[in-house]
Amino acid sequence: MRELQRPGLPKAPLCAAGGVRAFGRLFARIRGVPKPGARTARVPRFRRVVAMAGCALAVVSMPVSAQSSNAADLWLTLHGDPNDRANDLVEVRPEPTGLDQRVVLDLRVSRDRVRTSFRGQKYRSYYAKAVVNCSTQKAWYLWLNYYGEPVWAGQTVGREEYREGEAAVLFKDVPGQPYKRMISAACRVRG
């Protein structure tokens, strides 16, 4: 990190990871507005702006790349092993959205063999949006995107949309009834 010497002031880093304050100072300097009572540095304006813009890009891009590189870690496994493509796998995104007595969840399910949907669609895995009603302790699908391969590989082979209460979330033939754990956890998160 390069340091900038300001006359009469202690050394200060040119690009501090100070979050909001650093961005406020950056944008004030780019606009050419000096800090009240601050002395300007003896670095040419163009170099200062370019260096600060580079620092801002580095700071801004760090959280985005960290989130995108850990996207696989954002799913909780309710049943199965994420490394075993041959068996059933049920996962839920741990960021539910609460709406009154309802909670909206993202689900993804990979099955051990080809299955048939409510409306006759053949699939091996699916990604879905589901709603949990905490007062009735029931869950249903709003929509499902189906895949012909396990663990959501390849192109989608179909999509189905449902109204509330029309397609229950049950994970048929999956041992241990993981849908009950999903409902319980979603309602606890909602509060």
Side-chain angles (χ1 to χ4, degrees), residues 17 19-20 23 56-191:
V20 175
F23 286 114
L57 287 173
V59 170
V60 169
S61 66
M62 281 183 358
V64 172
S65 62
Q67 285 176 345
S68 62
S69 68
N70 292 331
D73 298 336
L74 295 176
W75 292 91
L76 294 177
T77 302
L78 293 176
H79 176 80
D81 179 5
N83 297 319
D84 185 6
R85 295 172 54 108
N87 290 314
D88 290 328
L89 174 65
V90 177
E91 294 181 323
V92 61
R93 187 177 297 276
E95 299 170 354
T97 305
L99 304 167
D100 296 327
Q101 290 295 314
R102 294 184 173 106
V103 180
V104 180
L105 298 169
D106 288 336
L107 297 173
R108 58 186 194 181
V109 177
S110 183
R111 301 309 303 259
D112 61 349
R113 64 185 184 279
V114 174
R115 306 283 298 197
T116 304
S117 74
F118 296 102
R119 295 183 180 153
Q121 175 65 54
K122 300 282 186 194
Y123 70 93
R124 182 75 193 273
S125 60
Y126 63 84
Y127 177 85
K129 186 73 74 174
V131 174
V132 175
N133 186 327
C134 295
S135 60
T136 63
Q137 292 291 297
K138 295 187 185 232
W140 59 88
Y141 295 106
L142 294 178
W143 55 260
L144 299 101
N145 284 337
Y146 294 104
Y147 297 84
E149 300 296 321
V151 293
W152 322 279
Q155 297 292 324
T156 57
V157 294
R159 179 179 172 93
E160 294 176 358
E161 296 186 15
Y162 295 98
R163 292 187 306 271
E164 287 187 18
E166 191 176 8
V169 176
L170 296 174
F171 310 125
K172 287 189 177 186
D173 300 326
V174 175
Q177 299 176 326
Y179 73 93
K180 288 184 178 180
R181 289 194 312 267
M182 177 199 71
I183 291 170
S184 175
C187 292
R188 264 187 269 133
V189 169
R190 183 193 59 80

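FYI, the numbering just counts along the sequence from 1. Both backbone and side-chain heavy atoms feed into the values below; hydrogens, waters and symmetry mates do not.
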**Request:** Please assess Arg108 against Glu91 for the test salt bridge (Lys or Arg N to Asp or Glu O under 4.0 Å), listing each intermediate value before the final yes or no.
**Result:** CA-CA 5 Å; Arg108 58 186 194 181; Glu91 294 181 323; 2.6 Å; yes
**Partner set under salt bridge (Lys or Arg N to Asp or Glu O under 4.0 Å) for Arg85, not counting sequence neighbours** = none
**Message:** Can you pull out every ring pair (Phe, Tyr, Trp, His ring centres under 6.0 Å) where at least one residue sits in residues 79-123? Sequence neighbours excluded, please.
**Reply:** Phe118-Tyr162, Tyr123-Tyr126, Tyr123-Tyr146
**For the student: nearest non-hydrogen atoms of Thr77 and Pro82, plus distance** = OG1-CG, 3.5 Å
**Message:** For a side chain to side chain donor-acceptor pair (under 3.5 Å) check, start with the C-alpha distance between Glu149 and Ser125, then their side-chain angles and the critical distance, and finish with the verdict.
**Reply:** CA-CA 6 Å; Glu149 300 296 321; Ser125 60; over 6 Å; no
**Message:** I need the Gln137 CD to Tyr179 OH distance, nearest 0.5 Å.
**Reply:** 11.0 Å
**Prompt:** Do Tyr127 and Trp143 have their ring centres less than 6.0 Å from each other?
**Reply:** yes
**Request:** Specify the closest pair of heavy atoms between Val151 and Ser110, including all atoms of both residues, with the distance to one decimal.
**Result:** N-OG, 2.9 Å
**Message:** Tell me the closest heavy-atom pair linking Tyr141 and Ala128, and the distance in Å.
**Reply:** CD2-CB, 3.7 Å
**Message:** Regarding Gln121 and Thr116, do their side chains bring together a donor and an acceptor under 3.5 Å, going by distance alone?
**Reply:** no
**Message:** Under the rule for side chain to side chain donor-acceptor pair (under 3.5 Å), what residues qualify as partners of Asn87, not counting sequence neighbours?
**Reply:** Asp84
**Prompt:** Taking C-beta and beyond as the side chain, do Leu89 and Trp152 meet within less than 4.5 Å on heavy atoms?
**Reply:** yes
**Prompt:** Given side chains that start at C-beta, do those of Cys134 and Arg102 come closer than 4.5 Å, heavy atoms only?
**Reply:** no
**Reported OG1-to-CD distance for the pair Thr136 and Gln101, which is rounded to 0.5 angstrom** = 9.5 Å
**Request:** Kindly write out the residues that satisfy side chain to side chain donor-acceptor pair (under 3.5 Å) with Arg159, not counting sequence neighbours, or none if the list is empty.
**Result:** Asn145, Glu161
**Asked** Side chains of Cys187 and Val132: does their closest heavy-atom pair fall under 4.5 Å?
**Response** yes
**Fill in**
Sequence neighbours excluded, the answer for salt bridge (Lys or Arg N to Asp or Glu O under 4.0 Å) partners of Asp88 is Arg111
**Message:** Within the 4.5 Å heavy-atom criterion, are Phe171 and Met182 side-chain neighbours or not?
**Reply:** yes
**Sub-4.5 Å side-chain heavy-atom contact between Val103 and Leu105** = yes
**salt bridge (Lys or Arg N to Asp or Glu O under 4.0 Å) assessment of Glu166 paired with Arg119** = CA-CA 12 Å; Glu166 191 176 8; Arg119 295 183 180 153; 3.6 Å; yes
**Message:** Once side chain to side chain donor-acceptor pair (under 3.5 Å) is applied, do any residues pair with Lys180, and if so which ones, sequence neighbours excluded?
**Reply:** Gln177
**Asked** What's the verdict on salt bridge (Lys or Arg N to Asp or Glu O under 4.0 Å) for Asp173 and Arg115, showing C-alpha distance, side-chain angles and the deciding distance?
**Response** CA-CA 11 Å; Asp173 300 326; Arg115 306 283 298 197; 3.0 Å; yes
**Atom CZ of Arg163: over 12 foreign heavy atoms under 6.0 Å** = no
**Fill in**
For Arg181 and Gly176, the nearest pair of non-hydrogen atoms, with its separation, is NH1-O, 3.5 Å
**Prompt:** Hey, is NZ on Lys138 packed in by over 12 heavy atoms from elsewhere, all under 6.0 Å?
**Reply:** no
